[in-house]
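Heads up: numbering here begins at 1 and tracks the sequence. Counting starts at 1 for both ligands and their atoms, in listed order. Only this structure's heavy atoms are used, side chains among them; waters, hydrogens and symmetry mates stay out.
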Amino acid sequence: MTIPRLIGSLLLFATAGVGCGEAAADAKAPAGAAAEPEVRPLGRIVPVPASVTPEGEPYTLTAATRIGIDETSGASRAIGRYLAGLLGPATGFPLPVVDDSAAGRGIHLRLAPDETGLGDEGYRLVSAPEGLTLTAREPAGLFRGVQTVRQQLPSAIERKSVQQGPWKIAGGTVTDTPRYAYRGAMLDVARHFFTVDEVKRYIDQLALYKVNTLHLHLSDDQGWRIAVDSRPLLTTHGGSTEVGGGPGGFYTKAQYREIVEYAASRYQEVIPEIDMPGHTNAALASYAELTCDGVAPPLYTGTKVGFSSLCVPKPATYDFVDDVVREIAALTPGRYLHIGGDEAHSTSHDDYVTFMNKVQPIVAKYGKTVVGWHQLTGATPAKGALVQYWGLDRTPAEEKERVAAAARNGTGLILSPADRTYLDMKYTKDTRLGLAWAGYVEVRRSYDWNPATYLPGAPADAIRGVESPLWTETLATTGDLDVMAFPRLPGIAELGWSPASTHDWDAYKVRLAEQAPRFDALGITWYRSPEVPWPAE
Ligand code: ACM
């Protein structure tokens, strides 16, 4: 690095420290884009594919390109249209979706049920001047493959107005399947409320990195965000504020369904979370019968945790849980319902165990599988339950061992170590937004760990995958979400998708740097970490 460049970087870092990246992001789209090669080497994407064989000349998208699908598959048609919608604005090409036999030298989306090796989400991409073929066993695999096609193209493909081509995809074959079946992201819409459109925006960002699970944290002390017809005050009262005293908000059932359907169109499963028995002030404020003294507390707009609890001995509590779980389960096509269970500091241990013993069967009664934060291992996780580990390096060994023992006993684990995957942790002491209770989490720290060996004593096959939670005590706008998620989110997504054998910070940081012009083209505000060799501004 030359001296002026070094000084430039330091200055930029200083800017990022104050403004947390927004200023830097605003300034640099064209320079980053100009640094890109005309043809991105095959596989230079995030997450890195499992197998890449470069060969021959590139495929070129033209005004005559058609997208061929199997006419009998509605799912393929929808994915074809989605692909045309992604590539159309920047290329200016019409990209009609046609029967495969009429697509000629175009893009072919092929479902091949006998390709068992591709599993539920895998795909094969073959790129050559004669055509571009994506093959998958399931529609989800075609959808993941479409993200690869998208990332192989120049970043300008993400812009919403016609850009200069050419639009080439390097020649060769990519064969790609995920390491983990569960690759999640959590959005806390309780501390600050985010609208349906804002959630859809996040879903689209997740899709680009092959994330397949959206966990929505729908209730907390500061707000209740989902309509429950049998308990209308939860939303009219409990949803009426948020951290800092803003107006809050909630999703009607139709709006929640809209989110679920949008996520499904991106092959993401929504996991709704109702956090219990703690983190329940908004519910207690709405229904006094849920408190042990029968007095409703005021609404809460601060950021403390651990002060609220549903009243465990009261039958009314379980009538409430039944109503809520029944209605939310009915709205949710996914397999899971997350019952929280973290930071129940105002619930005695015995009460906590009693509560979980009563509530888990309610979830099962309505056809869902329990997910809980890892404190659930302090009670007895139901058979088949998943537990989400959110500890830190410094978490006491006994607590880690309790979770590992549950895993040895058959409980599946989702790994969300807070000092690695929590996207709301500050990157450095100078990060404007976020919290620091788990420490600072720079980009390398968030990427550079191995889920398979992370939790001592937990069998590798108990690890279902990884999830990056985004808590929003300090985050109120999509720009705030962006700058905390980017660029850490792509790294966690890669941990979930790419084979362990590909894990290499030095290689990853180069591919991540190449994402910068794509972030810019998508209008994503991001943090210019000094650990990553970003393109010059
Ligand atoms: C948590 O961060 N309380 C799960």
Side-chain angles (χ1 to χ4, degrees), residues 182 184-192 213-225 242-243 271-283 300 302-310 336-347 349 352 355-356 359 370-379 381 385-396 399-400 402-403 406 411-426 433-441 445-446 454-455 464-475 481 484-485 488-489 492:
Y182 187 110
M186 188 211 79
L187 184 62
D188 170 12
V189 296
R191 269 50 175 275
H192 279 98
T213 305
L214 175 69
H215 165 188
L216 285 176
H217 185 75
L218 289 167
S219 69
D220 213 303
D221 291 316
Q222 299 86 349
W224 186 282
R225 307 299 179 204
E242 60 187 358
V243 167
I271 301 184
E273 180 187 354
I274 299 299
D275 202 348
M276 307 178 277
H279 289 279
T280 43
N281 190 77
Y300 181 70
T303 60
K304 293 199 177 74
V305 299
F307 61 88
S308 57
S309 180
L310 295 172
Y336 301 107
L337 201 146
H338 200 308
I339 57 173
D342 58 321
E343 295 175 315
H345 305 320
S346 299
T347 317
H349 175 70
Y352 185 86
F355 181 83
M356 289 304 178
V359 165
V370 165
V371 187
W373 297 107
H374 76 257
Q375 283 71 22
L376 181 58
T377 61
L386 299 184
V387 151
Q388 186 167 8
Y389 179 75
W390 61 283
L392 324 172
D393 284 357
R394 65 168 189 269
T395 291
E399 189 174 332
K400 289 179 177 164
R402 207 180 59 213
V403 179
T411 298
L413 298 185
I414 302 161
L415 295 183
S416 298
D419 53 354
R420 303 277 183 179
T421 68
Y422 269 33
L423 300 176
D424 61 312
M425 288 300 118
K426 291 178 183 286
L433 299 165
L435 303 174
W437 59 263
Y440 302 125
V441 182
R445 184 169 175 79
S446 67
Y454 178 77
L455 195 67
R464 302 299 164 80
V466 292
E467 179 177 303
S468 37
L470 186 43
W471 301 98
T472 61
E473 286 95 330
T474 67
L475 313 177
L481 300 181
M484 300 310 281
R488 290 179 291 199
L489 174 76
I492 307 295

Note: ligand 1 atoms sitting under 4.0 Å from heavy atoms of W471 are 1 (C), 2 (O), 4 (C)
Would you sort out whether R445 and D393 count as a salt bridge (Lys or Arg N to Asp or Glu O under 4.0 Å), showing the intermediate values?
CA-CA 12 Å; R445 184 169 175 79; D393 284 357; 3.0 Å; yes
If you apply the rule side-chain hydrogen bond (donor to acceptor under 3.5 Å, both in side chains), what do you find for T347 with S309, and how did you get there?
CA-CA 6 Å; T347 317; S309 180; 2.8 Å; yes
If you scan protein heavy atoms around atom 3 (N) of ligand 1, the nearest is D342 OD2, 2.7 Å
Can any side-chain N or O of Y352 pair as donor or acceptor with the backbone N or O of G341 at less than 3.5 Å?
yes
Those atoms of ligand 1 less than 4.0 Å from some heavy atom in Y422:
1 (C), 2 (O), 4 (C)
If you measure every N or O of E343 against every N or O of ligand 1, does any of those distances drop under 3.5 Å?
yes
Any side-chain heavy atom of E242 sitting closer than 4.5 Å to one from R225?
yes
